[in-house]
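Keep in mind that the numbers below use all heavy atoms, side chains included, and drop hydrogens, waters and symmetry copies.
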Amino acid sequence: MSQSLTVFLLCAGLGTRLQPLTRRIPKPLIPFQGQSALEINYRQIMDQIRLRRDLFSNVQVVCNTHHLSHLVEYEATRLGIKTIHENEILGTGGCLWNAEDLLEKSELILCHNADLLHTIDLTRLVERQLDSTALGTLATIFSSRINTLSRGLYGQLLGVHGYHDFEMKGEVSRATFAGIALYKREFLDYCPRENASDIKEWWGLALSEGKTIQLQSFGNSAWHDFGSPQSLWAASKWYMEQCESYNFDYIVDSPSERPYVSNEARLVGLPGGMRNLILYEVPEFFPSRGTHNRLMGEDFDWVVED
């Protein structure tokens with residue numbers, strides 16, 4: 001039986017590790033080959049949903065705004081996404097109860113960070129949720145540095161290391177939350193109205209009530225959370241490879257050349273010989289021939305490793 005769905009794209013974060021760029025461009029609007037991350041994620045999600053129309057009777061797409069909200073709202077309106085504003089940033093948990101009037105109309109809620117690039121098959125996440133009685137299903141990847149989710153024998157969440165106190169004897173493995181989750185509407189019943197900015201607190205409340213939240217692994221999928229200059233470069237280079245376009249708005253001598261240059265600022269008269277370079281804004285110093293391994297903007301020049 002098909003079910004109604006709300007896609008909730010999380011767009012309110014400050015992106016502090018990417019300042020000063022994110023003082024002018026909110027993180028979900030950072031461009032990749034001329035498209036914002038928000039647009040890339042929106043189109044990817046909708047493309048996958050259209051392939052499985054049998055699963056959904058009605059779909060609405062919503063995003064939250066806070067930091068540089070006018071810019072996010074403009075982009076969201078252009079894409080046909082509804083917006084809900086947060087006067088104070090409410091975090092990954094509080095944003096849900098702030099949008100409850102919109103979310104309660106749907107049987108399923110897909111929460112998706114807008115500052116990601118990935119190849120995760122969202123229909124697998126939906127199918128896993130629909131085939132179970134679980135309250136929600138979390139998409140996971142494997143990253144030894146941040147594997148904090150504790151997985152039980154049947155793929156269920158036992159708790160979050162460093163956040164929940166829980167019985168670990170049933171743990172069979174650990175995983176990393178991919179910033180994508182599918183919940184039943186009933187998950188909102190575990191929404192604390194006060195002092196609940198982190199979604200992990202809601203997971204803990206649900207688990208303490210004997211509810212099941214399950215984990216779906218996407219360990220073979222590409223996944224990029226561009227929270228730092230180096231990870232932003234990794235995501236950008238990966239996206240160029242996905243698009244098979246290695247010189248966005250940059251003239252090269254040979255069509256087969258792969259300089260990995262993205263001229264997001266649309267500067268005119270760029271010199272040749274540059275590689276591994278992204279220009280987000282007009283930089284303080286115009287790049288010279290041979291400039292490489294840099295992310296550049298109005299008041300920053302970040303050196304990155306290839």
Ignoring hydrogens and angles, tell me if any N or O in the side chain of [X] forms a donor-acceptor pair with the backbone of [Y] under 3.5 Å.
X    : Y    : result
Q33  : S236 : no
N247 : R258 : no
H292 : M274 : no
E209 : K211 : no
S36  : E39  : yes
T291 : P287 : no
R185 : E104 : yes
Q129 : A134 : yes
H66  : L90  : no
S4   : N58  : no

Should the pair H224 and W238 be assigned to parallel (<30°), tilted (30 to 60°) or perpendicular (>60°) ring geometry?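 Rings of H224 and W238: tilted, as their planes differ by 30° to 60°.
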
Can you say whether the rings of H112 and H118 are parallel (under 30°), tilted (30 to 60°) or perpendicular (over 60°)?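 It falls in the tilted class, 30° to 60°.
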
Between F226 and F32, does the ring centroid distance fall short of 6.0 Å? yes

Can you confirm whether or not the ring centre of W203 sits under 6.0 Å from the ring centre of F187? no

State yes or no: do [X] and [Y] share one hydrophobic cluster built from I, L, V, M, F, W and Y residues joined by side-chain heavy-atom distances below 4.5 Å, directly or via other members?
X    : Y    : result
L295 : L277 : no
L21  : L71  : yes
I120 : M46  : yes
L207 : Y190 : yes
L122 : L79  : yes

If you measure only the distance, is there a donor-acceptor pair under 3.5 Å linking the side chains of T65 and E86? no

Indicate whether any N or O donor in one side chain lies under 3.5 Å from an N or O acceptor in the other, for H161 and E171. yes

How many angstroms lie between atom [atom1] of [X] and atom [atom2] of [Y], to the nearest 0.5 angstrom?
X    : Y    : atom1 : atom2 : answer
I84  : E100 : CD1   : CD    : 10.0 Å
Q35  : L29  : CD    : CG    : 12.5 Å
E73  : K82  : CD    : NZ    : 15.0 Å
I199 : T92  : CD1   : OG1   : 5.5 Å
C111 : I180 : SG    : CD1   : 11.0 Å
F142 : S221 : CZ    : OG    : 15.0 Å

Crowded around [X] [atom1]? As in, over 12 foreign heavy atoms under 6.0 Å?
X    : atom1 : answer
F286 : CZ    : yes
D253 : CG    : no
I251 : CD1   : no
D306 : CG    : yes
Y163 : OH    : yes
E284 : CD    : no

V7 and V62: side-chain contact (heavy atoms from CB on, under 4.5 Å), yes or no, with the steps? CA-CA 6 Å; V7 177; V62 178; over 6 Å; no

Check whether any side-chain heavy atom of [X] sits under 4.5 Å from a side-chain heavy atom of [Y], and report yes or no.
X    : Y    : answer
L182 : L5   : yes
L138 : Q216 : no
N64  : T83  : no
L158 : R174 : no
L103 : F8   : yes
L130 : L108 : yes
V72  : C63  : yes
L267 : P283 : yes

Please walk me through it: do N276 and V304 pass side-chain contact (heavy atoms from CB on, under 4.5 Å)? CA-CA 9 Å; N276 298 347; V304 293; 5.8 Å; no

Closest non-hydrogen atom pair, [X] against [Y]:
X    : Y    : answer
E241 : Y260 : OE2-OH, 3.1 Å
S217 : R151 : CB-NH2, 4.0 Å
F177 : W223 : O-CZ2, 4.3 Å
Y280 : I30  : CE2-CG2, 4.0 Å
H164 : K200 : NE2-O, 2.7 Å
T176 : N147 : OG1-OD1, 2.5 Å

Report the C-alpha distance between T137 and I213 in whole Å, list the side-chain angles of each, state the deciding distance to 0.1 Å, and finish with yes or no for side-chain contact (heavy atoms from CB on, under 4.5 Å). CA-CA 6 Å; T137 305; I213 295 175; over 6 Å; no

Please evaluate residues V261 and F248 with respect to the criterion side-chain contact (heavy atoms from CB on, under 4.5 Å), reporting the C-alpha separation (whole Å), side-chain torsions for both, the decisive distance (0.1 Å), and the verdict. CA-CA 6 Å; V261 173; F248 179 71; over 6 Å; no

Of L9, V59, I40, which is the lone residue that meets side-chain contact (heavy atoms from CB on, under 4.5 Å) with I45? L9

Among L110, T6, I81, which residue meets the side-chain contact (heavy atoms from CB on, under 4.5 Å) test with V61? I81

Would you call R124-E127 a salt bridge at under 4.0 Å N-O?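 Judged by the 4.0 Å cut-off on N to carboxylate O distance, R124 and E127 do not form a salt bridge.
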
Test side-chain hydrogen bond (donor to acceptor under 3.5 Å, both in side chains) on S228 and Q230 and set out the steps. CA-CA 5 Å; S228 67; Q230 184 62 44; over 6 Å; no

Summary of salt bridge (Lys or Arg N to Asp or Glu O under 4.0 Å) pairs that have at least one residue in residues 17-35, sequence neighbours excluded: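 Of all non-adjacent pairs touching residues 17-35, those that pass salt bridge (Lys or Arg N to Asp or Glu O under 4.0 Å) are R24-E281, R24-E298, R24-D299, K27-D115, K27-D225.
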
